[in-house]
Student: 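Let me give you the structure first, and then I'll get to my questions.
In this text, all values refer to a predicted model and were calculated from it rather than measured experimentally. Numbering of residues begins at 1 and proceeds along the displayed sequence.
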Amino acid sequence: MSSGKAKAGGPRWTQTWLGGARSAGADLGEPGARLGLPDKGSGAVASYGRRLVALFVDWGLSMLVASLLARSFGWDPSQRSMWTLVVFGIQVWLLTALLGTTIGKRLCGVRVARLDGRPVGLGWALARTLLLLLVVPALIWDRDYRGLHDRAANTVVVNI
């Protein structure tokens with residue numbers, strides 16, 4: 001039975017399969033390289049961390065708006081939760097379609113861009129937002145850090 005310790009300068013046995021395809025010797029390139037995007041700086045694929053912080057900021061703002069609406073209309077907590085999702089969806093849809101970014105994305109320095117360089121538009125932003133609201137498509141990523149919602153709308157999240 002192996003102790004799992006490195007053998008004379010070689011990798012630990014867990015490093016050969018937990019590291020993914022790169023540890024097996026596959027050259028996947030940098031995220032965005034297949035899309036013709038730069039490795040770093042403006043226009044490069046945004047990191048997971050920036051996207052996640054932007055999501056939390058947008059969700060927090062949606063909760064704030066829904067709480068204000070709930071107080072105004074006397075809604076119970078279950079209605080407030082549903083309206084948080086509705087406010088989030090409308091915010092993400094309209095701001096992505098019209099500006100290419102949400103408030104959280106702007107604060108984190110990222111934006112949504114179509115691969116062909118055109119504006120995202122109302123239709124593609126709606127498709128992207130509906131898939132984002134389903135959560136699962138946003139959790140499945142490719143090597144360019146694009147979730148299924150990005151792939152369906154032919155978009156990528158890049159640094160500003």
Side-chain angles (χ1 to χ4, degrees), residues 16-70 75 77-160:
T16 59
W17 61 276
L18 284 178
R22 290 187 201 284
S23 66
D27 181 21
L28 300 177
E30 292 297 317
R34 293 184 310 158
L35 305 173
L37 300 174
D39 290 343
K40 295 179 182 173
S42 182
V45 174
S47 67
Y48 292 132
R50 288 176 127 182
R51 293 178 72 155
L52 196 56
V53 170
L55 176 69
F56 286 141
V57 169
D58 288 335
W59 187 258
L61 291 172
S62 299
M63 288 176 62
L64 179 66
V65 171
S67 291
L68 293 174
L69 290 173
W75 295 335
S78 64
Q79 289 175 310
R80 186 181 64 225
S81 295
M82 184 61 179
W83 279 100
T84 299
L85 186 65
V86 170
V87 168
F88 176 79
I90 291 170
Q91 171 199 337
V92 170
W93 171 47
L94 291 176
L95 292 177
T96 301
L98 301 175
L99 303 175
T101 188
T102 62
I103 297 167
K105 283 184 177 64
R106 182 69 182 140
L107 290 174
C108 291
V110 297
R111 68 181 176 87
V112 179
R114 291 250 324 249
L115 292 179
D116 59 10
R118 295 184 355 218
V120 179
L122 291 171
W124 287 116
L126 180 62
R128 184 181 186 280
T129 302
L130 290 175
L131 288 170
L132 179 64
L133 293 176
L134 292 176
V135 177
V136 174
L139 295 176
I140 301 173
W141 298 73
D142 65 8
R143 63 180 164 180
D144 295 314
Y145 298 170
R146 294 173 66 208
L148 291 180
H149 63 299
D150 283 320
R151 292 179 63 90
N154 202 29
T155 60
V156 64
V157 179
V158 297
N159 295 328
I160 295 177

Student: Roughly how far, to the nearest 0.5 Å, is the CG atom of N159 from the CZ atom of R50?
Tutor: 4.5 Å
Student: If you take all heavy atoms of G147 and W141, which pair is closest and at what distance?
Tutor: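 Scanning both residues, the minimum pair turns out to be N-CE3, 4.2 Å.
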Student: Flag yes if more than 12 heavy atoms outside R111 fall under 6.0 Å of its CZ atom; otherwise flag no.
Tutor: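 No, the 6.0 Å shell around CZ holds no more than 12 heavy atoms from other groups.
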Student: Show me, pair by pair, the donor-acceptor contacts under 3.5 angstrom made by side chains of residues 128-138, not counting sequence neighbours?
Tutor:
unit_1: R128; atom_1: NE; unit_2: D150; atom_2: OD1; d: 2.8
unit_1: R128; atom_1: NE; unit_2: T155; atom_2: OG1; d: 3.4
unit_1: R128; atom_1: NH2; unit_2: D150; atom_2: OD1; d: 2.9
unit_1: T129; atom_1: OG1; unit_2: A125; atom_2: O; d: 2.7

Student: Can you give the donor-acceptor pairs under 3.5 Å from side chains of residues 114-124 to other protein atoms, not counting sequence neighbours?
Tutor:
unit_1: R114; atom_1: NH2; unit_2: D116; atom_2: OD2; d: 2.8
unit_1: D116; atom_1: OD1; unit_2: R118; atom_2: N; d: 3.1

Student: How many angstroms lie between atom CZ of R106 and atom CD1 of I103, to the nearest 0.5 angstrom?
Tutor: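 Rounded to the nearest 0.5 Å, the CZ-CD1 separation comes out at 12.0 Å.
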Student: Please examine the side chains of L52 and L55, heavy atoms only from C-beta on, and report whether any two atoms are closer than 4.5 Å.
Tutor: yes
Student: Might you point out which heavy atoms bring A54 and C108 nearest each other, and give the distance in Å?
Tutor: N-SG, 3.6 Å
Student: Looking at OG1 of T84 and CG of L64, how far apart are the two atoms once the value is rounded to the nearest 0.5 Å?
Tutor: 10.0 Å
Student: Indicate yes or no for a side-chain donor-acceptor contact from D144 to the backbone of P31 under 3.5 Å, with no hydrogens or angles considered.
Tutor: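 Checked: no pair found.
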Student: Is any side-chain heavy atom of W59 less than 4.5 Å from a side-chain heavy atom of L85?
Tutor: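 Yes, close enough: below the 4.5 Å cut-off.
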Student: What's the spacing between T102 OG1 and L107 CG if we round to 0.5 Å?
Tutor: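 So the gap between those two atoms works out to 8.5 Å.
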Student: Considering all heavy atoms of both residues, which atom of P38 and which atom of G43 are nearest to each other, and what is their separation?
Tutor: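 Residues P38 and G43, closest heavy atoms: CD-O, 3.5 Å.
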Student: Starting at NE2 of H149, measure out to CD1 of I140 and round the result to the nearest 0.5 Å.
Tutor: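 H149 atom NE2 to I140 atom CD1 measures 11.5 Å (nearest 0.5 Å).
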Student: To the nearest 0.5 Å, what is the distance between NZ (K105) and CG (D58)?
Tutor: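 K105 atom NZ to D58 atom CG measures 6.0 Å (nearest 0.5 Å).
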Student: Can you sort out the partners of D39 under side chain to side chain contact (heavy atoms under 4.5 Å, CB included), two or more places apart, ordered by chain and number?
Tutor: E30
Student: What is the ring orientation for Y48 with Y145, classed by angle as parallel under 30°, tilted 30 to 60°, or perpendicular over 60°?
Tutor: tilted
